[in-house]
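First up is the structure itself, then whatever we jot down about it.
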Protein chains: 2
Amino acid sequence: MSSSRPRIPEATVARLAVYLRVLTGLADGGRSNVSSGELASAAGVNPAGLRKDLSHLGPCGVRGVGYEVATLRDRIARVLGVERSRACVLVGIGNLGTALAGYAGFGSRGFRFVGLFDAAPARVGQLIGGQPVRPMAELDEVVTATAATIGVIATPADVAQSVCDRLTAAGLRSILNFAPVALSAPAEVDVRQVDLSVELQVLAFLGQQRGATVEVGA
Amino acid sequence: MSSSRPRIPEATVARLAVYLRVLTGLADGGRSNVSSGELASAAGVNPAGLRKDLSHLGPCGVRGVGYEVATLRDRIARVLGVERSRACVLVGIGNLGTALAGYAGFGSRGFRFVGLFDAAPARVGQLIGGQPVRPMAELDEVVTATAATIGVIATPADVAQSVCDRLTAAGLRSILNFAPVALSAPAEVDVRQVDLSVELQVLAFLGQQRGATVEVGA
DNA sequence: GCGACTTTGTTCCTGCGTTCACAAGCGGTT
DNA sequence: AACCGCTTGTGAACGCAGGAACAAAGTCGC
């Protein structure tokens, strides 16, 4: 049953996804072998940390030689579950939603959008990447028909919570939220938050702090 | 000179941005007072952690009462540097770039895009949010004219590094990269990486791990 | 066949982030 | 004016992630 996989830290999982991307690029370029140092610099991490990350999936390199690109790629892909294609639904086909629906990076990583939804009647019926935008009323139907497990929210903030409620009611267990609000959901539902403006604000703060020591004010 | 601000942890800065957003919403809703518990649940964090975050900017609450919404909002805004409007340039006006350029959340947080750039001649001249897309040749000119300090990369991965080089050469010190590649830049340049597909992959892994214990394979 | 070099896998350690728990302080009430 | 309840702010402990150094192992050269 549960084999030699106690648990992989979340931070490691995020980096494994990066390694997988780099390895895929190397394999397409014809490379058959990599060292941890080279792979680490391509991924932007520390070589020792990379080896520690890889150690979570058991020994998969050859000492004195390095890692076989194709083997390691398949190994990581299997652990991350990229092999099985995952059905996702996307709610909110605005600028960001359209960008997400058309982002090629998802398709090549085992994710396929099986339903694009929007509440605005004007958007319903539009074709995005060859797929029609559906009305929210069809949500449950599509989720059950396609066995989708992941929902992506790209709506305005004020409707995100109600969309989240509908997604959980439809049976989805994983939700990725791009709306700038904290969502409340049942404990068995994983909610991950991505706030684009927060990243920009952290960057601005670091720049301001390094650029000049400003006084905190009276 | 350096007043009572030794340094604020990066994780705290990211959360301060979230608190600022929540507080702005509360102020618009007419609220004048909040407790740490309420603010924490609205932001999706632990109350004690919130208070510790706030302690980095000195005492700013009243014991037994809570925090004054407007005062705390202004305090955080000043620390994060939201008061001064920051000029940003955006390179790569594809689906994602268009979404970023039109995202209202940036403007209300002190960020304004002063230049939209794309290498494709077909895109140059298009109006995005009332602003024309410019050719890459005008990059240095716009950066120096507007004193922009932040660059956002939303290009395909294969040109991201060269765009990064041009941005640093133009004098930008902070770069936010949405392209799925690790960028190399001089040490004095802050580079932050946002990979949308990584978030989705972590979510899928967590769901797979919890949903069923899958064997690691032979 | 043996030695030395290269590279992985692991272990230790340091530092940070998070959480819990308590003391201090302020407002309201009697 | 004094007491009581509520909330903040801070101190300490726990757990985790990151980095560096070391040992194991396999290959190449002689």
Side-chain angles (χ1 to χ4, degrees), chain A residues 4-19 23 26 31-69 71-73 75-76 79 182 193 198 202 205-206 216, chain B residues 4-19 23 26 31-69 71-73 75-76 79 182 187 193 198 202 205-206:
Chain A
S4 64
R5 174 141 35 117
R7 58 192 167 280
I8 301 183
E10 201 170 304
T12 294
V13 174
R15 283 188 297 264
L16 284 177
V18 177
Y19 306 154
L23 287 167
L26 287 174
R31 288 289 299 272
S32 63
N33 206 290
V34 226
S35 68
S36 68
E38 189 179 356
L39 193 54
S41 79
V45 299
N46 188 294
L50 181 138
R51 291 199 297 270
K52 176 173 288 190
D53 286 338
L54 261 46
S55 73
H56 285 114
L57 11 136
C60 45
V62 180
R63 299 178 189 228
V65 178
Y67 300 94
E68 197 182 352
V69 173
T71 306
L72 185 57
R73 164 172 57 88
R75 193 85 167 266
I76 296 178
V79 171
Q193 176 84 23
V198 166
V202 173
F205 175 81
L206 294 176
V216 72
Chain B
S4 62
R5 174 135 40 111
R7 59 194 166 281
I8 300 182
E10 200 170 305
T12 294
V13 173
R15 283 187 298 263
L16 284 178
V18 178
Y19 307 154
L23 286 167
L26 288 174
R31 287 288 300 273
S32 63
N33 206 291
V34 226
S35 69
S36 68
E38 189 180 357
L39 193 54
S41 80
V45 300
N46 188 293
L50 181 138
R51 291 199 297 272
K52 175 162 285 195
D53 285 339
L54 261 44
S55 73
H56 285 114
L57 9 136
C60 44
V62 180
R63 295 176 191 232
V65 178
Y67 301 93
E68 198 183 350
V69 172
T71 305
L72 186 57
R73 164 173 55 88
R75 192 84 167 266
I76 296 178
V79 171
Q193 177 84 22
V198 166
V202 172
F205 175 81
L206 294 176

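Numbers restart at 1 for each chain; the letters A, B, ... are given by sequence-line order, proteins then strands.
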Judged by nearest nucleotide, the residue sitting upstream toward the 5' end of DNA chain D, A/Gly64 or A/Arg51, is A/Arg51
DNA chain D nearest-nucleotide lookup for B/Leu54 and A/Pro9: closer to the 5′ end is B/Leu54
Distance check needed: [N] [atom2] versus [X] [atom1], whole Å only.
| X | N | atom1 | atom2 | value |
| --- | --- | --- | --- | --- |
| B/Ile8 | C/dG17 | CD1 | C1' | 15 Å |
| B/His56 | C/dG17 | NE2 | P | 8 Å |
| A/Leu50 | C/dT8 | CG | P | 9 Å |
| A/Arg75 | C/dT8 | CZ | P | 15 Å |
| A/Leu57 | C/dT8 | CG | P | 14 Å |
| B/Arg7 | C/dC16 | CZ | C1' | 11 Å |
| B/Glu10 | D/dA17 | CD | C1' | 14 Å |
| A/Asp53 | C/dT11 | CG | P | 16 Å |

Between the CG atom in A/Leu54 and the CG atom in A/Leu39, the distance rounded to the nearest 0.5 Å is 7.5 Å
Rounded to the nearest 0.5 Å, the CZ atom of A/Arg51 sits from the OG atom of A/Ser35 at a distance of 9.5 Å
Counting C-beta onward and ignoring hydrogens, is there a side-chain heavy-atom pair between A/Tyr67 and A/Leu23 closer than 4.5 Å? no
Here the pair of heavy atoms bringing A/Leu57 nearest to A/Arg75 is O-NH2, 3.0 Å
Tightest non-hydrogen contact, residues A/Gln193 and A/Ala182, listed as OE1-CA, 4.4 Å
Taking D/dA21, D/dG19, D/dT27 as options, the one with an atom nearest any side-chain atom of A/Asn46 is D/dG19
Is the phosphate of [N], meaning OP1 or OP2, less than 4.0 Å from a side-chain N or O of [X]?
| X | N | result |
| --- | --- | --- |
| A/Ser36 | C/dT7 | no |
| A/Tyr67 | C/dG9 | yes |
| A/Arg15 | D/dG18 | yes |

| said: Could you check whether the side chain of A/Arg63 and the base of C/dT8 have a donor-acceptor pair of N or O atoms closer than 3.5 Å, going by distance alone? | reply: yes
Exercise. Looking at every strand, decide which applies to A/Gly49 at a 4.0 Å heavy-atom threshold: base, sugar-phosphate, or nothing.
Key: nothing
Ranking A/Gly37 and B/Lys52 by the position along DNA chain C of their nearest nucleotide, the one closer to 5' is A/Gly37
